[in-house]
Amino acid sequence: MRGPRPRAKILLAQSQAQFLNQWMPLPFNVATHLDTAIRAAAKALGLTDQGFESEVRVADPANGDFQANGALAFAKRAKQNPRALAQQIVDLLGALQTDFDLTLAGPGFINFRLKPAALLGWLQAYGSAQDLQNGAASARQGQTWIVDYSSPNTAKQMHVGHLRSAVIGEAICRLLAFSGAKVIRDNHIGDWGTQFGKLIWAHKRHLDPAALATDPLEEFERLYKVGNTAADADPSVLEEARHELVRLQDGDSTNLEIWKEINDVSLAAFQQIYDQLGIKFDVTLGESFYNDKVPRVYRELSESGLAEESGGALVVFHDEHPRFSRNAERPNPFMVRKGDGASGYASTDLATALYRAENFHAHGIVIVTDFRQTDHFEQLFLTVKKWFAAKKYRLPELHHVIFGAVTGDDGKALRTRDGGTIKLKELLGEAEERAYALVTEKTPDLPEAERRTIARTIGISSVQYADLSQNRSSNYVFSWEKMLSFEGNTAPYLLYAVTRVRSIFRKASLNPAEPPVGSATAPESLQEISLARKLVKFPDAIQLATNTLRPHFLGLYLYELAGEFSGFYAADKVIVDDAAVRARRLLLCHRTLIVLETGLHLLGLRTLERM
RNA sequence: GGAUCUGUAGCUCAAUUGGAUAGAGCACUUGGCUUCGAACCAAGGGGUCGGGGGUUCGAGUCCCUCCAGAUCCGCCA
């Protein structure tokens with residue numbers, strides 16, 4: 001419940017105008033609040049029409065809490081003195097001075113430092129996870145976003161290379177939902193590829209029923225290899241495999257049954273992994289689902305003149321784009337239909353885009369894949385934009401969320417068919433084991449069952465966070481040490497901070513859901529102030545991570561917040577006799593707890609009571 | 001051959017997308033537990049941001065060029 005803020009009494013001595021002003025809570029997102037105020041000042045100065053932007057951002061703590069850099073860029077364009085211009089703006093920001101210390105620095109930076117009373121006001125105003133949610137939920141209210149992630153091929157196990165899409169995708173889903181969007185998680189599985197020809201061929205001839213009963217996915221993988229090897233060695237096998245594929249596509253009941261069995265088994269195995277990662281898809285619309293929807297794509301693209309015949313195939317060029325132009329040195333058209341009449345992933349993806357726009361009324365579509373598909377999705381998006389424009393369909397925002405490859409020691413991307421790559425199942429199991437050893441070492445007194453539960457959370461979180469803590473666009477060499485590191489910017493460090501806060505509440509016999517902090521006063525010590533200043537920047541971290549679709553910005557923020565808390569924890573004791581000191585420190589502890597837990601849950605991690 | 005991405009401390013990574021003195025962790029050195037959990041904290045050394053040139057008040061970030069690696073380039077997705 002957000003009511004009037006209990007800051008009134010510190011304001012009694014101030015003017016009536018300021019008093020009334022102070023009854024308005026400082027908004028959830030302080031940077032946005034500053035932006036609004038500066039824009040108003042710029043408008044008063046007549047700068048808005050000339051394209052003035054405030055450029056408010058989080059500042060280096062040494063300089064302030066937020067900084068506005070807009071005067072610099074504007075002055076350059078308008079050939080004015082930036083420092084003088086910044087001063088004119090500052091002169092109009094008098095109302096902000098109740099909450100902030102304003103300073104002008106360097107060539108024209110405007111710095112804003114929150115006063116302790118303003119910090120207290122913000123902390124009092126946003127006092128529960130629900131308050132944080134309410135504060136953030138306006139940005140994408142009423143929008144529907146489709147997030148297409150994980151999307152493995154069936155009949156194969158997921159290996160470490162599949163982890164990034166799942167982990168990053170889930171974090172993005174949660175961030176979008178937190179900003180108010182309705183999110184539809186769509187697992188666009190590869191269930192209709194040519195691999196099924198070879199697979200069905202082998203299934204009919206080399207199936208081992210015992211192996212199928214023990215570990216069906218393992219057996220399907222073996223069968224695929226058998227089929228692949230045989231087809232490579234013998235052209236007649238390849239021919240038979242193609243025939244099996246055609247029969248499947250023509251609806252042959254035996255082949256359909258095998259196909260369905262393979263997919264059902266695969267999805268059940270995938271689900272075990274998803275359960276561990278806390279992922280639950282809303283829909284699983286794989287490539288087969290779009291099978292009957294591609295003719296419309298061919299028709300509409302041809303009618304609108306976007307697609308053309310070329311060597312028997314149906315292709316789309318984008319002449320305005322050097323890379324996809326027909327005039328390129330080596331043309332790279334978007335292959336909508338192959339020369340032999342078969343559909344490819346391009347046509348499936350086009351049909352998928354249309355379905356998402358029409359059926360889900362998507363405001364935005366996010367597709368999470370590795371960087372190798374960059375060209376494909378660029379062509380897809382270019383084609384979709386022209387196609388939708390020609391047919392007057394409403395165009396959703398299209399985002400390809402690209403991440404780097406997970407590579408082996410040779411620096412080359414891991415591929416399923418190379419064999420010997422680490423299976424996701426094994427990775428998660430190993431993570432749990434290593435975490436268990438550590439838990440047992442650190443907290444041997446906890447009962448075995450609890451140590452197991454804790455180890456599960458720590459192990460899985462560590463693996464998830466290994467992907468979320470770094471900028472998604474870079475490649476990395478897979479290593480156990482990296483995935484299961486427990487020091488530095490890692491999940492255990494963050495989870496540890498959470499358990500230390502909870503421990504304080506336990507020690508004081510207080511319920512963290514109902515912290516007695518109504519009488520808390522403004523932060524005083526260096527560490528208290530530093531922690532409070534960090535807490536107030538949570539909305540900015542959320543916004544940055546969501547707008548850029550880069551969850552690591554939130555991870556970095558949480559790591560820094562946990563660091564501030566650790567410094568505070570070491571310096572300032574919370575459970576002390578002085579009731580005033582105690583209340584104001586408990587407030588900081590509690591707000592740290594809700595921000596950390598909310599943030600970690602947004603990244604898809606689970607948190608712990610103790611560890 | 002063309003295109004895209006990557007290159008930051010010995011190692012693994014950040015840097016709010018053009019902002020102020022490039023920051024963390026690991027490793028190394030030093031100090032801190034009879035005091036709310038030391039899976040922690042405090043402090044120290046360590047950098048021609050791959051090389052070179054350019055754009056401007058300001059560049060790790062943008063442009064050009066060279067070097068190194070990865071990836072893609074009409075029918076597997």
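Below, read A as the first sequence line, B as the second, and so on, with proteins coming before strands; counting in each chain starts at 1.
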Whole-Å distance separating the [atom1] atom of [X] from the [atom2] atom of [N]:
X	N	atom1	atom2	answer
A:R610	B:C36	CZ	P	16 Å
A:L596	B:C40	CG	P	15 Å
A:D191	B:C76	CG	C1'	14 Å
A:L558	B:A14	CG	C1'	15 Å

What residues 473-483 of chain A contributes to the RNA chain B interface at heavy-atom separation below 4.0 Å is A:S474, A:N475, A:Y476, A:K482
Taking for each residue the nucleotide of RNA chain B bearing the nearest heavy atom, is the 5' side occupied by A:L72 or by A:T443?
-> A:L72
For A:G567 and for A:L556, locate the closest nucleotide of RNA chain B by heavy-atom distance; then report the residue assigned to the nucleotide nearer the 5' terminus.
-> A:L556
Rounded to whole angstrom, note down the [atom1] distance from [N] over to [M].
N	M	atom1	value
B:A24	B:G44	C1'	16 Å
B:A15	B:G7	P	10 Å
B:A27	B:U6	P	30 Å
B:C64	B:C11	P	30 Å
B:A43	B:A3	P	50 Å
B:C41	B:U48	C1'	35 Å
B:C57	B:A14	P	32 Å
B:U16	B:U21	P	16 Å

Can you name the residues that form a salt bridge (Lys or Arg N to Asp or Glu O under 4.0 Å) with [X], not counting sequence neighbours?
X	result
A:R591	none
A:E53	none
A:K537	A:D65

Tell me if the side-chain of [X] makes a donor-acceptor pair with the base of [N], cut-off 3.5 Å, by modelled atom types.
X	N	result
A:Y345	B:A77	yes
A:E560	B:A24	no
A:N69	B:A20	no

Using a 3.5 Å cut-off and no angle test, enumerate the donor-acceptor pairs between side-chain atoms of residues 567-580 of chain A and protein atoms at least two apart in sequence or in another chain.
{"residue": "A:D572", "atom": "OD2", "partner": "A:S525", "partner atom": "OG", "Å": "2.5"}
{"residue": "A:D578", "atom": "OD1", "partner": "A:A580", "partner atom": "N", "Å": "3.0"}
{"residue": "A:D578", "atom": "OD1", "partner": "A:V581", "partner atom": "N", "Å": "3.3"}

Pairs where residues 475-489 of chain A contributes a residue and the test side chain to side chain donor-acceptor pair (under 3.5 Å) is met, not counting sequence neighbours = A:Y465-A:N489, A:D467-A:Y476, A:Q470-A:K482
Regarding A:R337 and the six-membered ring of A:Y298, is the cationic atom NZ or CZ under 6.0 Å from the ring centre and inside 45° of its axis?
-> yes
Using a 4.0 Å heavy-atom cut-off across all strands, classify A:N111 as base, sugar-phosphate, or nothing.
-> base
Does B:C26 have a Watson-Crick or wobble partner in any strand here, with both distances under 3.5 angstrom, and which is it?
-> B:G10
State whether a side-chain donor-acceptor pair under 3.5 Å links A:S530 with A:E564.
-> yes
Under 5.5 Å and under 30°: A:F109 stacked on B:A20 = yes
